[in-house]
Amino acid sequence: MKTVGKLIGACKEYKTGDTMITALQPTTVDFRTNELTLIMGPSGSGKTTLLSLLGCVIFPTRGEVYINDVLINGLSEKELARTRLNNIGFVFQSFNLLAPLTGLENVMQPLLLMDVPYKEAKSRAAEALEKMNMTDRMNNLPKMLSGGQQQRVAIARALVSNPSILLCDEPTAALDVKSLGVVMTELKMLADGGKAVAVVTHDLRLKQFADRIIYVNNGIASDQPDEDLAEH
Ligand SMILES: Nc1ncnc2c1ncn2[C@@H]1O[C@H](COP(=O)(O)OP(=O)(O)O)[C@@H](O)[C@H]1O
Ligand SMILES: [Mg+2]
């Protein structure tokens with residue numbers, strides 16, 4: 001296991017008018033390869049804020065964030081965007097697939113944005129879809145796919161640039177129980193294959209897929225051992 005993302009005393013505060021909201025209290029936590037980490041807690045507790053700090057979407061108010069040993073605090077917005085592109089894949093609750101494009105074309109998009117030649121983008125996208133067991137449906141439009149299949153296309157799109165960290169915010173919230181199991185099994189396999197996978201959820205059923213759980217409550221994140229975690 002290798003540390004790929006690290007927060008050291010990182011916190012986030014928002015000022016709105018006279019009031020200050022502490023979205024996340026100072027938090028120190030490592031995210032490592034070969035681990036599926038669940039981030040759990042009630043609504044408004046700071047889960048998305050923790051994920052956004054790790055994903056270099058926001059800067060910490062205080063404290064440090066490292067991605068693959070690079071301190072991101074001092075980076076410009078442009079350097080931050082590049083760090084995100086090279087290291088991090090995002091998966092959201094709403095799959096955000098482009099409706100007029102096939103699964104394959106959707107997965108090709110990040111590579112085309114990075115100026116990867118079309119033919120290479122196509123073969124790398126097909127490879128990412130194969131990892132998600134979606135080869136047979138890759139030429140379908142999103143509307144022809146179930147919610148679980150659409151989410152697997154969205155995960156392939158997050159994976160296609162070969163990021164070391166995969167961040168998922170409530171990825172199973174819109175799925176039925178069967179699709180939830182399929183998607184979580186795929187995410188667990190990606191972690192076992194060497195990615196660092198972090199999944200925000202408040203669904204207790206996801207615990208069985210976790211190597212580790214971080215609980216967030218009122219902006220306080222704590223890393224506690226849990227009894228029903230995935231066996232190794
Ligand atoms: N951009 C923002 N501006 C002001 N307050 C915010 C902002 N983002 C989050 N917050 C506040 O910070 C707290 C934590 O939010 P969030 O991390 O989204 O919680 P969760 O994902 O656990 O529901 C909430 O009280 C929320 O209203
Ligand atoms: Mg949230």
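When a ligand or atom number is given, it counts from 1 through the structure's own listing order.
For Asn86, the CG atom sits in a packed shell: over 12 heavy atoms of surrounding residues, nucleotides or ligands are nearer than 6.0 Å. The environment of Asp136 atom CG is dense: over 12 non-hydrogen atoms of other residues, nucleotides or ligands sit within 6.0 angstrom.
Atoms of ligand 1 found under 4.0 Å from any heavy atom of Ser43 (numbered from 1 in listed order, with element): 23 (O). Here is the list of ligand 1 atoms found below 4.0 Å of a heavy atom in Thr49: 15 (O), 16 (P), 17 (O). Remark: ligand 1 atoms within the under-4.0 Å shell around heavy atoms of Ser45 are 19 (O), 20 (P), 22 (O).
Among protein heavy atoms, the minimum distance from atom 12 (O) of ligand 1 is reached at Ala23 CB, 3.2 Å. At the top of the distance list for atom 14 (C) of ligand 1, counting protein heavy atoms only, stands Gly44 O, 3.4 Å. When hydrogens are left out, the protein atom nearest atom 19 (O) of ligand 1 is Gly46 N, 3.3 Å; that is the closest non-hydrogen contact. The protein non-hydrogen atom at the shortest distance from atom 9 (C) of ligand 1 is Tyr14 CE1, 3.8 Å.
Classification of Lys188 and Asp211 as a salt-bridged pair holds, one side-chain N sitting under 4.0 Å from a carboxylate O. Between Glu127 and Arg124, no side-chain nitrogen of the basic residue sits less than 4.0 Å from a carboxylate oxygen of the acidic one, so the salt-bridge criterion is not met.
Linking Ile, Leu, Val, Met, Phe, Trp and Tyr whenever their side-chain heavy atoms come within less than 4.5 Å leaves Ile165 and Met189 in two separate clusters.
Val197 and Cys168 get closest at one heavy-atom pair: CG1-SG, 4.5 Å. Across every non-hydrogen atom of Ile67 and Leu54, the tightest pair is CD1-O, 3.2 Å. The two residues Gln93 and Ala173 have their closest heavy-atom pair at CD-CB, 3.5 Å.
The presence of a protein heavy atom under 4.0 Å from atom 17 (O) of ligand 1 is confirmed. Within 4.0 Å of atom 26 (C) of ligand 1, not a single protein heavy atom is present.
Looking at ligand 1, you'll find an N or O of Thr48 within less than 3.5 Å of one of its N or O atoms. Checked by distance only, ligand 1 and Ile21 stay at 3.5 Å or farther apart across all their nitrogen or oxygen atoms.
Nearby protein atoms of type N, O or S around the Mg ion (ligand 2) amount to 1 (distance under 2.8 Å).
Not counting sequence neighbours, Ser43 has no partner by the side-chain contact (heavy atoms from CB on, under 4.5 Å) test.
Residue contacts with ligand 1 for Pro42 involve N, CA, C or O but no side-chain atom from C-beta outward (heavy atoms, distance under 4.0 Å).
In this structure, Lys131 contributes its side chain and Ala156 its backbone to no donor-acceptor pair below 3.5 Å.
Ligand 1 lies out of reach of Gly41, whose nearest heavy atom is not under 4.0 Å from it.
In the model, Thr172 has no side-chain atom that pairs as donor or acceptor with a side-chain atom of Asp203 under 3.5 Å. Neither side chain, Ser45 nor Asn217, offers a donor N or O lying under 3.5 Å from an acceptor on the other.
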